[in-house]
Amino acid sequence: MPLVKMTELLHAVPGNEYAVGSFNVSDMEMAMGATKAAEDLHAPLIMQIAEGRLRYSPLELLGPMMVAAAKRCKMPTAVHLDHGATMKTIRLALEIGFTSVMFDGSKYPLEENIEKTKEVVRLASFYGAAVEGEIGSIGGAEGDMAESDVSITKVEDAKRFAEETGIDAMAVAIGTAHGNYKKKPELRIDRLKEIAAAVDIPLVLHGGTGLTEQDFQNCLSNGIKKINIATASYDNSARTIKEVVQAKPDANYFDLSDAIVQGTYQNVKKHMLIFGLKGRA
Ligand code: 13P
């Protein structure tokens, strides 16, 4: 199955029937777990890595492996840069063959976010790649990026941002945050509905870890087409390693490597089933 573009997967969603999961991976084991889940469920897949995680997984090493894993996967798989912050990293991801990049300009004032995002759209177009932008501010932080407070996306900003930048997908802030929730999130489904009615590009939900099945259903049935999951895969892989060591104190390197594959596999599969992805590829 060829490496595909994220937009191809998002535009294939009929109405609000399901949302495509976009799963963060940081090594070969996580990529193997995610692609195996897609294959077992016959589901489309987006694999991504955030710029804030590259300290642990240099893009020059991880990126080509992600592209190879996507090409090896029997289901349509897109490879995406999550929370791109610098042109240097965005350019490198595009050179490596990522089929889409996110530029996260949410910390800038609206005008500046629009200008910087437009620059990324121009660059990505030379590579035939798609671009995700962010408007409003999703809470928490993805990896090493600075923590931010939630700032709910305004409908008029979302409309202007989509029209002026020419982005292909838009991350909206509706009350979610990256990482494990310290208190129950209050999702603004009312705002999501208004944004979905005002713009016609696919909407993206960040901060998927810790949301309930009902939260996911509410989001995908009101216009979310891409759902990001990172922390839950990292946590489940770490938990699985600890369980293996507890059950088998003389576990060797390969037992632990396999625990990462299994931990990611279980988490990706669980979320793909919730998002309604079984049999969609
Ligand atoms: P979580 O770590 O909360 O799942 O968020 C993932 C995400 O939004 C990546 O951009």
Side-chain angles (χ1 to χ4, degrees), residues 6 10 19-26 30-31 33-34 37 45-57 59 62 66 78-85 89-90 93 98 100-107 120 130-153 167 169-187 192 202-213 215-216 219-220 224-239 263-264 266-272 274-275:
M6 166 181 93
L10 303 183
V20 183
S22 193
F23 297 94
N24 292 59
V25 298
S26 280
M30 293 186 80
L45 170 69
I46 304 171
M47 273 191 294
Q48 57 184 20
I49 178 70
E51 182 159 353
R53 302 271 185 202
L54 297 178
R55 178 153 62 97
Y56 299 97
S57 321
L59 193 57
L62 181 72
M66 287 170 72
V79 177
H80 177 73
L81 176 72
D82 186 29
H83 292 282
T89 299
I90 289 169
F98 280 36
S100 54
V101 290
M102 176 190 189
F103 172 66
D104 178 357
S106 59
K107 65 172 190 254
V120 174
V131 176
E132 175 184 332
E134 178 174 326
I135 183 76
S137 177
I138 294 153
E142 184 56 39
D144 289 343
M145 310 306 282
E147 291 260 342
S148 65
D149 292 329
V150 177
S151 166
I152 303 292
T153 305
I167 48 169
M170 183 166 63
V172 290
I174 56 163
T176 59
H178 296 103
N180 289 306
Y181 287 97
K182 294 176 186 92
K183 65 178 175 63
K184 195 175 154 15
E186 303 273 345
L187 297 194
L192 172 60
L203 302 180
V204 182
L205 184 78
H206 283 242
T209 296
L211 298 184
T212 64
E213 262 194 69
D215 289 334
F216 287 127
C219 289
L220 72 86
I224 291 290
K225 294 282 183 290
K226 170 178 182 267
I227 302 179
N228 289 3
I229 301 286
T231 308
S233 290
Y234 292 124
D235 286 355
N236 206 48
S237 296
R239 194 177 308 121
T264 300
Q266 285 156 6
N267 182 58
V268 171
K269 190 173 174 188
K270 175 180 118 180
H271 284 92
M272 282 180 158
I274 295 173
F275 302 163

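Atoms within a ligand are numbered from 1 in the order they appear, just like the ligands themselves. Because only heavy atoms are used, hydrogens play no part in the values below, and waters and symmetry mates are left out as well, while side chains stay in.
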Q: Kindly confirm or rule out an N or O of Gly179 lying under 3.5 angstrom from an N or O of ligand 1.
A: yes
Q) Just which atoms of ligand 1 are under 4.0 Å from any heavy atom in His206? A) 8 (O), 10 (O)
(Q) Need the ligand 1 atom indices (1-based, order shown) with element for anything under 4.0 Å from a heavy-atom of His178. (A) 3 (O), 5 (O), 6 (C), 7 (C), 8 (O), 9 (C), 10 (O)
**Q.** Minimal non-hydrogen separation, Glu134 against Ile138, with atom names
**A.** OE2-N, 3.3 Å
Q: Supply the atom-to-atom distance Leu220 CG to Phe275 CZ, rounded to the nearest 0.5 angstrom.
A: 8.0 Å
Q: Please name the pair of heavy atoms, one in Ala34 and one in Val25, separated by the smallest distance, quoted to 0.1 Å.
A: CB-CG1, 4.4 Å
Q. Would you say ligand 1 has an N or O under 3.5 Å from any N or O of Asn228?
A. yes
Q) What residue and atom, counting heavy atoms only, is the protein's closest point to atom 8 (O) of ligand 1, and at what distance? A) Gly207 N, 2.8 Å
Q) Are Ile49 and Tyr56 close enough that some pair of their side-chain heavy atoms sits under 4.5 Å apart? A) no
(Q) Looking only at protein heavy atoms, which one is nearest to atom 4 (O) of ligand 1, and what is the separation? (A) Thr209 OG1, 2.5 Å
Q | Close-contact set for ligand 1 against Gly208 heavy atoms, below 4.0 Å | A | 3 (O), 4 (O), 5 (O)
Q) Among protein heavy atoms, which sits nearest to atom 9 (C) of ligand 1, and what does the distance come to when rounded to 0.1 Å? A) Asp82 OD2, 3.0 Å
(Q) With side chain to side chain contact (heavy atoms under 4.5 Å, CB included) as the criterion, how do Cys219 and Ile174 come out once you've worked through the C-alpha distance, each side chain's angles and the decisive distance to 0.1 Å? (A) CA-CA 10 Å; Cys219 289; Ile174 56 163; 4.1 Å; yes
Q | Between NZ on residue Lys226 and CE on residue Met170, distance to nearest 0.5 Å | A | 13.0 Å
Q. Considering only heavy atoms of His83, which atoms of ligand 1 have at least one such atom less than 4.0 Å away?
A. 10 (O)
Q: May I ask you to list the atoms of ligand 1 that are less than 4.0 angstrom from any heavy atom of Ala177?
A: 3 (O)
Q) Within the structure, does Ala232 bring an N/O atom to less than 3.5 angstrom of an N/O atom in ligand 1? A) no
Q. Heavy atoms, side chains only, cut-off 4.5 Å: are Met30 and Phe23 in contact?
A. no
Q | Side chain, backbone, both or neither: Thr231 near ligand 1, heavy atoms under 4.0 Å | A | both
Q. Do Thr176 and Tyr181 come close enough that some side-chain heavy atom pair is under 4.5 Å?
A. yes
Q.
Under a 3.5 Å cutoff, is there a donor and acceptor pairing between the side chains of Ser233 and Thr264?
A. no
Q.
Under a 4.0 angstrom heavy-atom cut-off, which atoms of ligand 1 come close to Ala230?
A. 1 (P), 2 (O), 4 (O), 6 (C)
Q.
Please list, in number order, the atoms of ligand 1 under 4.0 Å from a heavy atom of Ile229.
A. 4 (O)
